[in-house]
Participant: 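Supplied in structure tokens, the structure appears directly below.
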Amino acid sequence: MPTPPSAISPPFLEGDTPFSSAVARLVEQLSDAPDCSGSPLGTTAAVLQPLTGWPPAEFLTRLLADLSSENNLPTIERAILRQASGDFSPFALTLRGRSGPVHIQIAARPVGSGATIAAMPLPLAESIPTGDLRSERSRLLNLLDRLPGYVMLIGSDHRIRYENRASRQLFGPGVGKACHEVLRGSPTPCAHCPPCEVFETRTLCVSDWTRKNGSAFRVYAYPFEDIDGSSLVLKLGLDITTGVKALEALSRSEERSRSITDNLAQGITVIDPALRIEAANPRMLQWFGLDPVGMPLCRLLHDFCGDGNSRCSGCPAIDVFRDGATHQRSFVLHLPGQPEERNFRLQACPISTQGQSVEAAVIMLDDETDRLRVERQLAQARRLEALGTLATGVAHEINQPLSALRLYAGGLEMLVEKRPVVDRDMLLERLSRILREADRIRDIIEHMRALVTHGDIQCRPTSIAHACAEAFGLIGAQLRNHGIDASLDIAPDLPDVLAVPVQLEQTLINLIVNAMHALDASRQPARNITVSARRHGNRVALSVEDNGPGLGLMEDRVFDPFFTTKDAHSGMGLGLALVHGFVESWGGTITAASRRPPRTGAVFTIMLNASEAAPPCPAASRPSPSGLGPAPTPDNGDPSCAS
């Protein structure tokens, strides 16, 4: 955009000369010329300032005063009025120079829609009242020789009559040669040459061209009359390569960004502070069956937003403009043509200005329906795998009281058959044993149900010793059947930890069963699993350690869902992923590592927060080498059980 006079520099506004809208418009036109000199008036100042001879610091102030003078102001006002009607005839002005008056001619032409005018001054040779024209021409050419862009004077036969230093450096000596030969290396004139049109139009012409080496130039062509009266065209070429490459890079970047957003699975929109959609990617069109640009976001999400924006409370799109932070919200929406409702997550991200005010927001709409469905299926698969693990242990545990029940019932049957009269106290004692074993079976089943349904999932003070006892109670028989020596080492001053009790038991069961499977693949003569717990400040370290083959280089992958080293029929690889999710939900951490040589095996360490509100758990006794203590058996000393 042109720089308005009020924004150029404070000295430009000083003085008491009149400053009309016509002068402001002319200054705006002059500012359209590219800036090659660091001046707010661009190339115009680079040409005029040497002509006037004023120092750069004084030039702008004096120029404004000259343009606003009673000699120039009426001319400028008439020229601006003619331009408004489409007449861009050149006009002459007189400026005050250090050495006397400087007469210039302004050649204006419309650019674009005609609302912007590019203008450039030229010496008005015929306005010079006296003096040597050749000397004046020489002064002009010396000035042109110092310009930063290349300058050529070209005749109607396309031959170069003059070239400045920059032109020779860029294209080599060219005086006497055709311009198309020097500039483009072509023996024939260009099919369309905008600068040559100046011979007919006698007005400023602006055009761009690119050399074969990639250099780009913007050429300003002006009508020029030589001292012999012949018509010439003065071509001023400014190097715009950097700007063109920057625009090309920006265009490529925009194209890549557009390609990315167009192919995202998310719906992307940009909204203004009125929540009106300014842009949208194709995914939005695919989902909603219409182009949402120009619509309020509330109308697009009508099912969720409700009539009259009745659900605006907590709307991320509103909140992002209120505090400039990212907000998100999940909801259910019925898309056109879809048989069922879909689950969406809307995230609103601010687009801030340099002043940190939010001028727009990016709305990302993510369809989570399929992901949530997979998560539910994954959770079900985890439950089934956990259920299979527990069922194996429960089967072993139930077999013991079932065997005792069978033995007690069989002994009672034999007692009734052998004795016509059975002592009442003996009968009650045998029945109480049967009921005790039946209660034990019921307790095992209830505990398994709590583990599978997760029971109470509130995080609360939990005893590690109790969780270990319950876990070993379910899988102790499995460990004994696999020939594994399991030991428990709990520090006597250990506090309770913050966890979900049934989940902590399930975590221990998963880790111990994994260690058992690892030991089954080991050739160790003595196979051991040790569960230990120690206090570390405000945290408690719970470790499950074995002397199996170890983890190799898979420490970073063991907690990934579906990662397993077992065969396809032995597990789905969800146990450790489930453990990892449990521990993190309690605010703890879990790590896996191989034991350092010469020892073999793996160690899983869980760090949990201690709960000082709960009393420390009592010291746990070390179980017998056979497992976790002897299983209850019937009183073999009773003759009635001798069968």
Participant: Does the side chain of Val500 come within less than 4.5 Å of Phe582's, by heavy atoms?
Facilitator: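 Phe582 does not reach Val500 side chain to side chain.
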Participant: Could you tell me if the side chain of Thr269 sits less than 4.5 Å from the side chain of Leu365, heavy atoms only?
Facilitator: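 Leu365 does not reach Thr269 side chain to side chain.
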Participant: Roughly how far apart are Leu300 CG and Leu275 CG, rounded to 0.5 Å?
Facilitator: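 It is 12.0 Å, given to the nearest 0.5 Å.
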Participant: Start with the C-alpha gap between Val579 and Phe604, add the side-chain angles, then the distance that decides, and say whether side-chain contact (heavy atoms from CB on, under 4.5 Å) holds.
Facilitator: CA-CA 11 Å; Val579 165; Phe604 288 81; over 6 Å; no
Participant: Do Ser251 side-chain atoms and Leu247 backbone N/O form a donor-acceptor pair below 3.5 Å?
Facilitator: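 Side chain of Ser251 to backbone of Leu247, a donor-acceptor pair under 3.5 Å: no, none is there.
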Participant: Between Arg258 and Glu255, is the closest basic N to carboxylate O distance under 4.0 Å?
Facilitator: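 Yes, this pair counts.
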Participant: Checking Thr507 side chain against Gln503 main chain: does a donor-acceptor pair fall under 3.5 Å?
Facilitator: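 Between the backbone of Gln503 and the side chain of Thr507 there is a qualifying donor-acceptor contact (under 3.5 Å).
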Participant: Tell me, do Phe171 and Met152 make a side-chain contact under 4.5 Å, heavy atoms counted?
Facilitator: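 Yes. Closest side-chain heavy atoms under 4.5 Å.
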Participant: Minimum heavy-atom separation for His580 and Ile590, please, with both atom names.
Facilitator: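 Answer, listing the atom of His580 first, then Ile590: CD2-CG2, 3.7 Å.
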Participant: Walk me through it: do Met295 and Leu290 pass the test side-chain contact (heavy atoms from CB on, under 4.5 Å)?
Facilitator: CA-CA 10 Å; Met295 294 175 52; Leu290 51 83; 3.5 Å; yes
Participant: In the structure I gave you, are the side-chain heavy atoms of Thr326 and Pro350 within less than 4.5 Å of one another anywhere?
Facilitator: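 They are in contact (side-chain heavy atoms under 4.5 Å apart), so the answer is yes.
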Participant: Give the minimum heavy-atom separation between Met607 and Ala541, together with the two atoms involved.
Facilitator: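 Closest pair (atom of Met607, atom of Ala541, distance): SD-CB, 3.4 Å.
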Participant: Any side-chain to backbone donor/acceptor pair from His334 onto Gln338? Under 3.5 Å, distance only.
Facilitator: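 Yes, the answer is positive, given that a donor and an acceptor are paired below the 3.5 Å cut-off.
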Participant: Could you walk me through whether Leu333 and Arg342 pass the side-chain contact (heavy atoms from CB on, under 4.5 Å) test, one step at a time?
Facilitator: CA-CA 5 Å; Leu333 196 64; Arg342 309 287 292 182; 5.7 Å; no
Participant: Which value, rounded to the nearest 0.5 Å, describes the distance between Asp291 atom CG and Ile277 atom CD1?
Facilitator: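 Here the rounded value is 9.0 Å.
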Participant: With rounding to the nearest 0.5 angstrom, report the OH to OG1 distance, Tyr222 to Thr203.
Facilitator: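 Separation between the atoms: 11.5 Å.
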Participant: Supply the atom-to-atom distance Asp272 CG to Phe321 CZ, rounded to the nearest 0.5 angstrom.
Facilitator: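 It is 6.5 Å, given to the nearest 0.5 Å.
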Participant: Kindly assign one of parallel, tilted or perpendicular to the pair Phe217 and Tyr150, based on the angle between their ring planes and the thresholds 30° and 60°.
Facilitator: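 Judged by the thresholds at 30° and 60°, the geometry between Phe217 and Tyr150 is perpendicular.
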Participant: Crowded around Asp323 CG? As in, over 12 foreign heavy atoms under 6.0 Å?
Facilitator: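 For Asp323, atom CG is crowded (more than 12 foreign heavy atoms under 6.0 Å).
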Participant: Of all heavy-atom pairs between Val332 and Glu341, which one has the smallest distance, and what is that distance?
Facilitator: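 Nearest heavy atoms, Val332 then Glu341: CG1-OE1, 3.2 Å.
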Participant: Within a strict 4.5 Å, meaning less than it, do heavy atoms of the Glu200 and Arg202 side chains meet?
Facilitator: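 They are not in side-chain contact.
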Participant: Going from CD on Gln347 to CE on Met364, what distance comes out if it is rounded to the nearest 0.5 angstrom?
Facilitator: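 Between atom CD of Gln347 and atom CE of Met364 there are 4.0 Å.
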Participant: Report yes if the side chains of Gln266 and Asp366 come closer than 4.5 Å at any heavy-atom pair, otherwise no.
Facilitator: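 Touching, per the 4.5 Å side-chain cut-off.
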Participant: Is a donor on one side and an acceptor on the other found under 3.5 Å between the side chain of Thr462 and the backbone of Ala499?
Facilitator: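 Yes, Thr462 side chain to Ala499 backbone: donor-acceptor pair under 3.5 Å.
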Participant: Work out which heavy atom in Asp239 is nearest to a heavy atom in Ala216; give both atom names and the distance.
Facilitator: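 Heavy atoms only, the tightest pair is OD1-O, 3.2 Å.
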Participant: Going by heavy atoms in the side chains, are Leu504 and Leu542 under 4.5 Å from each other?
Facilitator: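 They are in contact (side-chain heavy atoms under 4.5 Å apart), so the answer is yes.
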Participant: Do you know the tightest heavy-atom contact between Val320 and Ala361?
Facilitator: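 Taking Val320 first and Ala361 second, the nearest heavy atoms are CG1-CB, 3.7 Å.
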Participant: Taking the inter-plane angle between the rings of Phe344 and Trp287 on a 0 to 90° scale, is it parallel (under 30°), tilted (30 to 60°) or perpendicular (over 60°)?
Facilitator: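 Perpendicular: the ring planes of Phe344 and Trp287 meet at over 60°.
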Participant: Give a yes or no answer on whether the side chain of Arg345 reaches the backbone of Gln328 with a donor-acceptor pair at less than 3.5 Å.
Facilitator: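 Looks like no, no N/O pair under 3.5 Å.
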Participant: Checking Ser543 side chain against Thr605 main chain: does a donor-acceptor pair fall under 3.5 Å?
Facilitator: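 No; zero donor-acceptor contacts below 3.5 Å.
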Participant: Report the C-alpha separation of Asp370 and Arg373 in whole Å, then their side-chain angles, then the decisive distance to 0.1 Å, and conclude whether the side-chain contact (heavy atoms from CB on, under 4.5 Å) test is met.
Facilitator: CA-CA 5 Å; Asp370 296 334; Arg373 183 183 296 114; 2.9 Å; yes
Participant: For Ala317 and Leu297, which heavy atoms make the closest approach, and how far apart are they?
Facilitator: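 Shortest heavy-atom contact: CB-CD2, 3.8 Å.
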Participant: Any chance you could measure Asn213, atom CG, to Thr241, atom OG1, to the nearest 0.5 Å?
Facilitator: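 Here the interatomic distance stands at 7.5 Å.
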Participant: Report yes if some heavy atom in the side chain of Met284 is under 4.5 Å from a heavy atom in the side chain of Ile268; otherwise report no.
Facilitator: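 Not in contact.
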Participant: Can you check whether Ala348's main-chain N or O pairs, donor with acceptor, with Asp319's side chain at less than 3.5 Å?
Facilitator: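 A pair under 3.5 Å: no.
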Participant: For Ser611, is there any backbone N or O sitting under 3.5 Å from a side-chain donor or acceptor partner on Asp496?
Facilitator: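 It does not hold such a pair.
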